[in-house]
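Data first, discussion second: the structure below is written as C-alpha cells.
Count residues from 1 along the sequence. Here the structure is a predicted model, which is why all the values come from computation and not from measurement. FYI, side chains are in, hydrogens and waters are out, and symmetry mates aren't considered; it's all heavy atoms of this structure.
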Amino acid sequence: MLLRLPTSVPEARQCLADGAVPIGGATLLWATWQRDGFPGLAVSLREVPEANVVGRETLGGAVLLHRIDATVPDVLRLAAATIGTGAVRRTATVGGNIVGSTLRCLLPPALALDARATVLEPDGVREADLAEVVAKRPVLLGLRWRAPLASAYRKLPAEPGGEPPLVVASALHAEDGERRRLRVAVRDGYDVLTGTTRCDTGAGDALDALRDTALGDLPATAWEAVRPQVTGLLEGSGQN
C-alpha cells in the first residue's frame, strides 16, 4: 500500500481524484484490510494544516483525539477524553470517529454545538450538515461552530459487550438580545436524537419544551440523565 501525505488541500484533492482511500489513524480499518486486502493507494490529512486546527470554534478532521484540550468547548473535550484507551486516543482522529465509527462518540457533542462540517471532495471543498456526513461518509476536513455560553457532557457506564453507553451532550447558545437557546443531543443505543428550545424562563420550562422534540421518544432512564444535565447547565448560567 502506498500512503500519500499531502501538505495542502489541493494536493489532498488530487489524491482523492487519483482514487486514494482516506485514512486517519487506521484504527478502524486495519482489521478489515488484514482480512480483505490492503488498498493500493491511501491518503492521510495529517500534514494538511486545515485538517489539524484545534480552536475555540473549529476542530480539524485529522486531529488526534488526545490533542483535544480546553481550547474547545467542554462538551467536545470531555467526550474525547472518554473515547477508548490512551493508546486509542493517540492514534484515532476526529474524522475517523465521526465518519468511520459506528459509535460516533463525538457526534452528540458536535450536534449540541450545532456544528457544520467542511468536507473534502475530488472537485473541491464544501460545507455540509452532520446528517449528510453520517449518511454519505465524505472526507471530513473539519468542524466549525459558534462558541457556546456553556456546555456539558456525560457518558453513562455500560456493561462490556452490551449496548453502547448512553451519552448526553448539551450546549447553551446566545441568540439576539437576551435570548438563549439550548441544544441537547442524546445517543441511545446507536441512535442519536436531538432537541432544541429557547430557555429564557427556567429549566422546568426548557425540559417540558424538549419533550415536544425528538427527545420526547427517549425512555425514562435516558431522561434521568438529561434532566440533571439541563438543570445544572441552565442554573449554572443564571437561567433559574
Within the 4.5 Å heavy-atom criterion, are [X] and [Y] side-chain neighbours or not?
{"X": "Leu76", "Y": "Tyr153", "result": "no"}
{"X": "Val134", "Y": "Val192", "result": "no"}
{"X": "Asp129", "Y": "Arg116", "result": "yes"}
{"X": "Ser151", "Y": "Leu172", "result": "no"}
{"X": "Arg154", "Y": "Val167", "result": "no"}
{"X": "Arg13", "Y": "Pro6", "result": "no"}
{"X": "Ser8", "Y": "Val48", "result": "no"}
{"X": "Arg227", "Y": "Leu207", "result": "yes"}

Tell me whether [Y] is reachable from [X] by hopping between hydrophobic residues (I, L, V, M, F, W, Y) whose side-chain heavy atoms are closer than 4.5 Å.
{"X": "Val133", "Y": "Val125", "answer": "no"}
{"X": "Leu149", "Y": "Leu234", "answer": "yes"}
{"X": "Val53", "Y": "Val119", "answer": "no"}
{"X": "Leu182", "Y": "Val186", "answer": "yes"}
{"X": "Val184", "Y": "Leu130", "answer": "no"}

Between the side chain of [X] and the main-chain N/O of [Y], is any donor-acceptor distance below 3.5 Å?
{"X": "Trp223", "Y": "Gly216", "value": "no"}
{"X": "Glu163", "Y": "Gly189", "value": "no"}
{"X": "Arg67", "Y": "Asn52", "value": "yes"}
{"X": "Asn97", "Y": "Leu106", "value": "yes"}
{"X": "Lys155", "Y": "Ala79", "value": "no"}
{"X": "His173", "Y": "Ala112", "value": "yes"}
{"X": "Arg4", "Y": "Leu41", "value": "no"}

What I want to find out is whether [X] reaches [Y] closely enough, with some N-O distance under 4.0 Å, to be called a salt bridge.
{"X": "Glu132", "Y": "Arg126", "value": "yes"}
{"X": "Glu175", "Y": "Arg198", "value": "yes"}
{"X": "Arg211", "Y": "Asp208", "value": "no"}

Inter-residue atom distance [X].[atom1] - [Y].[atom2], 0.5 Å rounding:
{"X": "Leu143", "Y": "Ile98", "atom1": "CG", "atom2": "CD1", "answer": "4.5 Å"}
{"X": "Leu111", "Y": "Arg183", "atom1": "CG", "atom2": "CZ", "answer": "6.5 Å"}
{"X": "Thr7", "Y": "Glu47", "atom1": "OG1", "atom2": "CD", "answer": "8.0 Å"}
{"X": "Thr71", "Y": "Arg56", "atom1": "OG1", "atom2": "CZ", "answer": "11.0 Å"}
{"X": "Ile83", "Y": "Leu65", "atom1": "CD1", "atom2": "CG", "answer": "5.0 Å"}
{"X": "Asp114", "Y": "Thr196", "atom1": "CG", "atom2": "OG1", "answer": "7.0 Å"}

For the residue pair [X] and [Y], what are the closest heavy atoms and their distance?
{"X": "Pro138", "Y": "Val99", "value": "O-CG1, 3.5 Å"}
{"X": "Gly100", "Y": "Arg137", "value": "O-NH1, 4.0 Å"}
{"X": "Asp188", "Y": "Leu218", "value": "CB-CD2, 3.9 Å"}
{"X": "Pro148", "Y": "Leu113", "value": "CG-CD2, 3.6 Å"}
{"X": "Ile68", "Y": "Ala80", "value": "CD1-CB, 3.7 Å"}
{"X": "Leu45", "Y": "Leu141", "value": "CD1-CD1, 4.2 Å"}

Stepwise, does the side chain to side chain contact (heavy atoms under 4.5 Å, CB included) test hold for Leu16 with Glu121? CA-CA 7 Å; Leu16 295 179; Glu121 298 175 332; 5.7 Å; no

Apply side chain to side chain contact (heavy atoms under 4.5 Å, CB included) to residues Leu120 and Val9 and explain how you reach the verdict. CA-CA 8 Å; Leu120 178 65; Val9 169; 3.9 Å; yes

Does one side chain, of Gln229 or Ser170, offer a donor that lies under 3.5 Å from an acceptor on the other?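 Short answer, yes.
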
Test side chain to side chain contact (heavy atoms under 4.5 Å, CB included), reference Leu166, set Thr221, Val226, Leu156, output is Leu156

Are Ile23 and Val43 close enough, and set up right, to give a side chain to side chain contact (heavy atoms under 4.5 Å, CB included), and what steps lead you there? CA-CA 6 Å; Ile23 63 169; Val43 58; over 6 Å; no

Thr197 and Thr213: CA distance, side-chain angles, deciding distance, side chain to side chain contact (heavy atoms under 4.5 Å, CB included) verdict: CA-CA 9 Å; Thr197 182; Thr213 70; 5.7 Å; no

